[in-house]
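Report on the following structure.
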Amino acid sequence: LTQDDLKRIAAYKAVDFVRSGMVLGLGTGSTARHAVDRIGELLRQGKLSDIVGIPTSKKTQEQALSLGIPLSDLDAHPVIDLSIDGADEVDPRLNLVKGRGGSLLREKMIEGASKKFVVIVDESKMVKHIGGSGMALPVEVVPFCWKFTAEKLREVMEGYGGCEAKLRLGGEKGKAFVTDNGNYIVDMYLEKDMGDLWAVSDAILRLPGVVEHGMFLDMASTVIIAGELGVKIKNK
Ligand code: DER
């Protein structure tokens, strides 16, 4: 089984939770893409009906539109029945890192407004502690004086094991990546287990130039993990 097979297996399993008439948060990334495809397929086959999708990115909005999934937004649907999305890291307490695709703000808003949030991963995303994959912990920041904010992030993180903070670059050579919301992303690379994640979250969010970070703490209801030996479902 390829990694993409595992992603598809997890995604299809999550779509089993979907019922006709639901308002669904549609995730972003290569795993969530399979879930959105599957929802579109079931709608086309008439096995699902009366679904309203709330996309977590412009990319997912385009995908859902191409599949004919009816779309709306949080203003029209402030409470969402079920969101399905991927993750970059999952720790033993089902805390997540998300946002390596750059959609963390809209994802966190939509998934935070959901009665149920099902996370779909292949087994490579499981970590012992957040930041443990050595990959980025994204922080969305305003473009205004982003260097100042990045320096403040480094200072804050000195109290939690230290980190390197780098501006995420986008399509055009050397240019900053710009999120759907017109902001930048500073990727933090952590050196060790941060310990109290809520304290880290509060410290980061207190910085005025910070919009949001990619730690999704105590938000997942269920995590579906597809591995070589089969599928595991972990509930909060
Ligand atoms: O950027 C994101 O938040 C994505 O959902 C990410 O967390 C998972 O992306 P993947 O399914 O492509 O690995």
Side-chain angles (χ1 to χ4, degrees), residues 1-15 24-39 53-64 80 82-91 94-114 116-127 130-141 166 168-171 176-181 183-190 197 201 204 211-227 231 234:
L1 287 170
T2 67
Q3 186 180 29
D4 195 54
D5 290 335
L6 295 179
K7 292 182 175 189
R8 185 182 310 105
I9 290 165
Y12 280 35
K13 194 86 191 137
V15 175
L24 295 176
L26 304 177
T28 298
S30 60
T31 312
R33 185 171 53 79
H34 288 303
V36 175
D37 279 344
R38 179 68 171 158
I39 291 162
I54 315 289
T56 55
S57 66
K58 290 179 182 170
K59 204 163 155 212
T60 296
Q61 181 175 342
E62 278 152 37
Q63 179 194 3
I80 292 171
L82 167 65
S83 283
I84 299 174
D85 201 354
D88 298 299
E89 293 183 7
V90 181
D91 82 357
L94 308 192
N95 292 313
L96 316 174
V97 169
K98 283 178 58 52
R100 286 179 198 150
S103 321
L104 67 106
L105 177 62
R106 297 191 181 189
E107 290 173 339
K108 196 178 265 192
M109 287 176 73
I110 288 162
E111 286 144 21
S114 301
K116 190 174 173 64
F117 174 26
V118 175
V119 176
I120 48 179
V121 292
D122 66 276
E123 58 194 351
S124 73
K125 307 296 186 68
M126 305 311 288
V127 295
I130 292 297
S133 72
M135 317 263 279
L137 170 55
V139 181
E140 182 153 343
V141 302
K166 285 160 68 174
R168 184 178 298 187
L169 300 181
F177 170 85
V178 179
T179 69
D180 285 350
N181 318 301
N183 296 316
Y184 287 173
I185 288 193
V186 170
D187 282 315
M188 300 201 306
Y189 294 88
L190 306 153
L197 299 180
S201 172
I204 290 173
V211 176
E212 188 50 79
H213 61 69
M215 289 194 292
F216 285 44
L217 306 179
D218 197 25
M219 287 181 64
S221 324
T222 298
V223 178
I224 297 176
I225 307 150
V231 178
K234 287 189 171 181

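As the structure lists them, so they are numbered: ligands from 1, and atoms in each ligand from 1. Note that the structure is predicted; figures quoted are calculated from it, not measured. All values below were derived from every heavy atom in this structure, side-chain atoms included, with hydrogens, water molecules and symmetry-related copies excluded.
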Original post:
Below 4.5 Å, heavy atoms only, C-beta onward: do Asn95 and Leu197 meet side chain to side chain?
Top reply: yes
**OP:** Would you confirm whether Thr179, through its side chain, and Tyr184, through its main-chain N or O, come within 3.5 Å as a donor-acceptor pair?
**Re:** no
If you count the atoms of ligand 1 from 1 in the order shown, which ones are under 4.0 Å from a heavy atom of [X]?
X      : result
Gly29  : 12 (O)
Gly99  : 1 (O), 2 (C), 3 (O), 7 (O)
Arg100 : 1 (O)
Thr28  : 4 (C), 5 (O)
Asp88  : 6 (C), 7 (O), 8 (C)

**OP:** Assess the side chains of Ser124 and Asp122: does a donor N or O sit below 3.5 Å from an acceptor N or O?
**Re:** yes
Original post:
Short N/O distance, under 3.5 Å, between Gly101 and ligand 1?
Top reply: yes
**OP:** Answer yes or no for Lys125: is there a heavy-atom contact with ligand 1 below 4.0 Å?
**Re:** yes
**OP:** Could you establish whether Gly27 and ligand 1 come within less than 4.0 Å of each other, counting only heavy atoms on the residue side?
**Re:** no
Subject >> side-chain contact (heavy atoms from CB on, under 4.5 Å) involving Ala136 - partner list, sequence neighbours excluded >> reply: Arg100, Asp187, Tyr189
Original post:
Residues two or more places apart in sequence or in another chain: which of them pass side-chain contact (heavy atoms from CB on, under 4.5 Å) with Arg33?
Top reply: Asp4, Asp37, Gln63
Subject >> Identity and separation of the nearest protein heavy atom to atom 12 (O) of ligand 1 >> reply: Ser30 OG, 2.6 Å
Subject >> Nearest-contact summary for atom 11 (O) of ligand 1 - protein heavy atom, Å >> reply: Thr31 OG1, 2.7 Å
Subject >> Part of Lys98 within contact of ligand 1 (heavy atoms, under 4.0 Å) >> reply: both
